[in-house]
Amino acid sequence: MGLFAKLGRSSDLVQGMASRLGIDYGGMVAADPQAQGRKYMRAVLRCSTCRNQDGCSDLQRKVTELAEAPSYCRNAQLLAHLRGN
């Protein structure tokens with residue numbers, strides 16, 4: 001998989017995970033593009049190094065809501081922080 005395809009997939013997975021946790025990441029970035037955009041890009045880069053993207057993709061296909069990110073998620077701590085947990 002090429003770099004841009006990998007980053008595109010990772011972006012989709014980050015957005016999907018945030019959505020399932022009730023986080024409007026797109027709205028956050030739109031409200032403060034400079035600060036939140038950087039945080040979002042770091043989240044995408046962390047996701048791109050995950051060895052379980054297929055599992056994450058399968059999980060997101062099966063569920064529409066999550067109480068917390070799975071333990072393998074490289075962005076679990078960030079997502080918990082964004083939810084206020």
Side-chain angles (χ1 to χ4, degrees):
M1 178 180 297
L3 174 64
F4 291 112
K6 179 79 167 176
L7 291 175
R9 181 177 190 201
S10 298
S11 179
D12 290 344
L13 290 172
V14 169
Q15 284 279 14
M17 188 63 70
S19 176
R20 281 155 183 78
L21 293 166
I23 299 166
D24 179 11
Y25 224 141
M28 292 172 64
V29 171
D32 187 356
Q34 196 159 17
Q36 294 301 327
R38 277 189 235 124
K39 289 179 186 177
Y40 178 74
M41 194 60 203
R42 285 193 300 267
V44 170
L45 291 174
R46 267 192 303 278
C47 181
S48 74
T49 65
C50 179
R51 295 176 189 248
N52 196 16
Q53 284 193 332
D54 289 337
C56 185
S57 184
D58 288 342
L59 173 68
Q60 290 186 32
R61 270 195 295 276
K62 293 175 184 173
V63 301
T64 58
E65 289 183 23
L66 289 168
E68 61 185 21
S71 60
Y72 60 80
C73 180
R74 298 183 61 94
N75 287 303
Q77 191 172 27
L78 169 68
L79 293 167
H81 173 74
L82 292 175
R83 284 187 81 196
N85 296 345

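A quick note: this is a predicted structure, and the numbers were derived from the prediction, not measured.
Taking both residues in full, the closest heavy atoms of A69 and L79 are given as CB-CD1, 4.2 Å, listed atom of the first, atom of the second, then distance. The two atoms that bring Y25 and A18 nearest to each other are CD1-CB, 3.9 Å, heavy atoms only. Considering every non-hydrogen atom in both A43 and V14, the closest pair reads O-CG2, 3.8 Å. In plain terms, the two heavy atoms of R83 and E68 that are nearest each other are NH1-N, 4.1 Å. Counting all heavy atoms, side chain and backbone alike, A76 lies closest to P70 at CB-O, 4.0 Å. Among all heavy-atom pairs drawn from P33 and A31, the shortest one is CD-C, 3.8 Å.
In summary, of the residues considered (Q15, Q53, R74), a side chain to side chain donor-acceptor pair (under 3.5 Å) with S10 occurs for Q53 alone.
Residues L13 and V44 form no side-chain contact, since every pair of their non-hydrogen atoms from C-beta on lies 4.5 Å or further apart.
Rounding to the nearest 0.5 Å gives a distance of 10.0 Å between CE of M17 and CD1 of I23. Between the CG atom of N75 and the CG atom of L82 there is a distance of 9.0 Å, given to the nearest 0.5 Å. The distance from atom CG of N52 to atom OG of S57, rounded to the nearest 0.5 Å, is 10.0 Å. Of the inter-residue distances, the one linking F4 atom CZ with S11 atom OG reads 13.5 Å to the nearest 0.5 angstrom.
Identified under the salt bridge (Lys or Arg N to Asp or Glu O under 4.0 Å) test for residues 3-31, with sequence neighbours left out: R9-D54. Counting only residues at least two apart or in different chains, salt bridge (Lys or Arg N to Asp or Glu O under 4.0 Å) contacts with residues 42-51 are absent.
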